[in-house]
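Below is one structure; the comments refer to it alone.
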Amino acid sequence: MGLKFIALVFVVVFAYFNGLNYAEKAPKFSFIQEATSAPEVSFYDYIIIGGGTAGCPLAATLSTGESNVLVLERGGSPYTNTTKVRMKNFISTLTDNSPDSFSQAFVSEDGVPNNRARVLGGGTVINVGFYGRAEPSFLKQAGVDEAVAKDSYAWVEKKLVHKPVAFEWQSAVRSGLLEVGVLPDNGFTYAHINGTKTSGTIFDRNGNRHTAADLLQYANPNRIKVYLHAVVHKITFRTKDGCRPKAEGVIFYDANGRKHTAYLKNESNSRASEIVLSAGAIGSPQLLMLSGIGPAARLRSLGIKVVLDQPMVGRDMADNPLYGLIISYPNSIPLSLATVAGIVDKIYIETVNGYDFSSLSLGSGAPANSTTNLGFILGKFKGPTSEGYLELKSTNVSDNPNVRFNYYHAADDLRNCVRGMKTVIDVVNSESLSRYRFRNTTTRDLLKMMVDLPVNLRPRHANATTSLEQYCIDTVMTFWHYHGGCRIGKVVDRDYKVIGVDSLRVIDASTFAFSPGTNPQASIMMLGR
Ligand code: FAD
């Protein structure tokens with residue numbers, strides 16, 4: 001009798017907690033649907049284009065008020081195949097070039113391969129997972145109150161962010177950074193401060209990734225609809241003679257190629273009504289131009305009807321160049337993505353290990369999932385100062401536009417790369433990393449190994465192993481922190497409203513003048529919130 005009772009209690013308690021778990025998850029998924037189920041015409045208070053890093057927290061937040069919110073995401077769901085987003089599959093997911101891949105590859109006109117997210121959760125589904133907050137100057141630039149930012153970061157962290165496991169490789173590089181004077185030791189912190197720290201990660205201790213899509217758990221399921229494989233082709237505007245153009249709706253296509261239109265409900269005194277573009281630093285300027293906001297002559301040459309001549313759309317595109325060294329170590333150790341950072345003013349050093357980095361190389365064809373005995377110590381610097389542009393190549397929204405970042409055109413970027421490389425070399429030669437080095441390999445050998453890897457399409461120069469300047473230029477890769485194209489003060493005002501039109505904002509990395517913190521995802525989600 002006693003045993004039976006205990007068993008019954010156990011079953012009830014188990015069912016209750018399982019039920020709770022289910023109840024917490026079920027509404028989250030019920031409002032996420034394929035766009036094929038969308039009506040031909042619908043009406044919402046807010047229409048968010050892009051369910052990415054900024055779009056998901058923004059949508060969740062707006063849905064908890066009185067407004068009805070629509071999210072249109074061109075990619076699929078990160079929940080359907082969760083092995084794809086496990087830490088060990090970082091490279092295979094990033095380099096998957098199938099049509100419904102979470103990652104859309106592009107090569108900038110600089111000859112550097114790059115990637116854009118195409119999935120609910122955006123960049124947080126394909127990225128390295130490093131999580132750190134921004135420096136105070138970013139908040140000032142972004143026009144975000146410090147206390148609001150603090151609450152918003154905490155809101156994000158509660159759902160997604162984990163204290164990382166102390167991976168052997170990360171710990172060794174951490175010691176190396178301290179040994180070469182990247183001080184003080186700041187322990188574990190999300191703060192952006194000088195010294196060496198372990199920061200947050202969006203991977204839990206089992207290697208499962210938690211993404212911006214998880215922030216939709218905060219949404220009111222009765223006030224939000226998320227459509228997947230909903231490719232937005234255009235924002236439409238009401239234009240009356242003498243009046244400012246007003247965004248009124250969006251045209252999107254589902255996976256069967258069927259056209260749908262979503263309109264803004266009419267604004268009332270109690271309710272605002274807006275379209276928010278959160279399609280990322282490539283997608284947002286691209287879509288503004290496809291909708292008729294951009295440099296008039298260029299738009300007309302592609303047959304696009306001009307709504308507003310705005311030459312600054314697509315200008316000031318920047319990407320933080322990645323520099324670094326790959327080390328081959330003798331014994332295999334568990335792979336890790338970045339959790340440790342060294343910060344010396346504008347110079348940031350991080351590291352990853354165990355991945356087959358040759359899969360990132362052009363034309364490698366190597367099996368992307370094999371583990372290796374390779375560690376990659378890499379760096380970026382604040383900024384950069386060098387800037388380029390984005391231009392439409394065609395009127396097909398699924399085509400990548402032409403993008404040029406002009407890496408190292410500014411002299412101080414090159415100086416920062418050389419400073420960063422000197423720290424990388426010091427760490428590689430530190431006592432802490434000595435047991436991970438083959439004794440006969442020199443720094444020059446390591447520089448040469450990198451120069452010989454086809455990490456980009458740029459020419460190699462004979463002095464690339466003797467001049468760090470040339471090394472930086474020849475081996476430049478992306479840190480994937482590209483930004484700009486819809487900058488504050490140029491394309492959007494300080495409230496992120498598109499200058500010159502009504503009912504349209506942009507909230508994502510395209511509005512940034514520089515990439516916040518060592519890594520931007522924390523601040524992009526904070527901004528969405
Ligand atoms: P995204 O998150 O890219 O969101 C844009 C969304 O809009 C996407 O989901 C896209 O599919 C959708 N979209 C675009 N066009 C359309 C359209 N026409 N119709 C419908 N939907 C559309 N940051 C860190 O902080 N830490 C890291 O470790 C880190 N590592 C990175 C590694 C990689 C490989 C990459 C690619 C990025 C990394 N980043 C990292 C950077 C960070 O992930 C991005 O800066 C950030 O995710 C960008 O956020 P976003 O909201 O601007 O754009």
Side-chain angles (χ1 to χ4, degrees), residues 35 47-58 71-76 78 90-91 93-95 101-106 113-134 161 190 199-203 209 211-213 226-235 250-253 277-288 290-291 319-320 322 337-339 341 350 352 360 378 380 396-401 477-486 506-512 515-525 527-528:
I47 301 170
I48 297 172
I49 304 171
T53 311
C56 287
L58 175 65
V71 179
L72 298 169
E73 168 52 47
R74 67 180 182 146
F90 162 68
I91 296 239
T93 295
L94 188 65
T95 53
S101 167
F102 293 166
S103 165
Q104 180 181 11
F106 69 99
N114 212 318
N115 305 80
R116 325 162 48 184
R118 182 173 48 200
V119 56
L120 185 68
T124 61
V125 181
I126 59 168
N127 71 17
V128 168
F130 186 101
Y131 180 96
R133 296 183 182 186
V161 188
Y190 300 143
S199 205
T201 170
I202 58 173
F203 290 100
R209 185 188 282 272
T211 76
V226 178
Y227 286 128
L228 302 174
H229 298 113
V231 183
V232 176
H233 283 223
K234 198 177 166 164
I235 302 163
V250 304
I251 295 170
F252 65 98
Y253 285 77
L277 196 44
S278 295
I282 308 293
S284 287
Q286 180 188 25
L287 211 47
L288 274 185
L290 289 174
S291 308
D319 187 26
N320 302 75
L322 180 154
L337 286 176
T339 58
E350 293 173 10
V352 298
L360 283 179
L378 41 99
K380 82 171 229 196
N396 180 352
V397 73
S398 300
D399 284 350
N400 285 315
M477 296 172 75
T478 177
F479 224 98
W480 300 287
H481 295 175
Y482 48 81
H483 52 277
C486 299
V506 183
I507 312 256
D508 59 28
S510 70
T511 62
F512 297 165
S515 183
T518 55
N519 300 62
Q521 66 174 347
S523 303
I524 300 173
M525 289 188 272
L527 199 65

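Ligands are counted one by one from 1 in listed order, and the atoms in each one are counted from 1 as well.
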message: Looking at every heavy atom in both A212 and M525, which two are closest together, and how far apart are they?
response: CB-SD, 4.0 Å

Using a 3.5 Å cut-off on N/O to N/O, what pairs does ligand 1 make with the protein? A line per pair would be great.
unit_1: ligand 1; atom_1: 2 (O); unit_2: T53; atom_2: N; d: 3.1
unit_1: ligand 1; atom_1: 2 (O); unit_2: T53; atom_2: OG1; d: 2.6
unit_1: ligand 1; atom_1: 2 (O); unit_2: G123; atom_2: N; d: 2.9
unit_1: ligand 1; atom_1: 9 (O); unit_2: E73; atom_2: OE1; d: 2.7
unit_1: ligand 1; atom_1: 9 (O); unit_2: E73; atom_2: OE2; d: 3.3
unit_1: ligand 1; atom_1: 9 (O); unit_2: V119; atom_2: O; d: 3.0
unit_1: ligand 1; atom_1: 11 (O); unit_2: E73; atom_2: OE2; d: 2.6
unit_1: ligand 1; atom_1: 11 (O); unit_2: R74; atom_2: NE; d: 3.0
unit_1: ligand 1; atom_1: 11 (O); unit_2: A117; atom_2: O; d: 3.3
unit_1: ligand 1; atom_1: 18 (N); unit_2: V232; atom_2: O; d: 3.0
unit_1: ligand 1; atom_1: 19 (N); unit_2: V232; atom_2: N; d: 3.0
unit_1: ligand 1; atom_1: 21 (N); unit_2: R74; atom_2: N; d: 3.1
unit_1: ligand 1; atom_1: 25 (O); unit_2: F130; atom_2: O; d: 3.3
unit_1: ligand 1; atom_1: 25 (O); unit_2: P520; atom_2: N; d: 3.2
unit_1: ligand 1; atom_1: 25 (O); unit_2: Q521; atom_2: N; d: 2.7
unit_1: ligand 1; atom_1: 26 (N); unit_2: F130; atom_2: O; d: 2.8
unit_1: ligand 1; atom_1: 26 (N); unit_2: N519; atom_2: ND2; d: 3.4
unit_1: ligand 1; atom_1: 28 (O); unit_2: G129; atom_2: N; d: 3.1
unit_1: ligand 1; atom_1: 28 (O); unit_2: F130; atom_2: N; d: 3.0
unit_1: ligand 1; atom_1: 30 (N); unit_2: V128; atom_2: N; d: 3.1
unit_1: ligand 1; atom_1: 43 (O); unit_2: N127; atom_2: ND2; d: 3.1
unit_1: ligand 1; atom_1: 47 (O); unit_2: T53; atom_2: OG1; d: 2.7
unit_1: ligand 1; atom_1: 49 (O); unit_2: T53; atom_2: OG1; d: 3.2
unit_1: ligand 1; atom_1: 51 (O); unit_2: A54; atom_2: N; d: 3.1
unit_1: ligand 1; atom_1: 52 (O); unit_2: A509; atom_2: N; d: 3.0

statement: For D319 and Y482, the nearest pair of non-hydrogen atoms, with its separation, is OD1-N, 3.2 Å

query: Under 3.5 Å, is there a donor-acceptor pair between the side chain of S103 and the main chain of L94?
result: yes

message: Suppose we screen for side-chain contact (heavy atoms from CB on, under 4.5 Å). Which residues come up paired with A522, at least two apart in sequence or across chains?
response: Y131, Y153

message: Within the 4.5 Å heavy-atom criterion, are T211 and R209 side-chain neighbours or not?
response: yes

- request: Search all heavy atoms of P401 against all heavy atoms of R116 and return the closest pair with its distance.
  value: CD-NH1, 4.2 Å

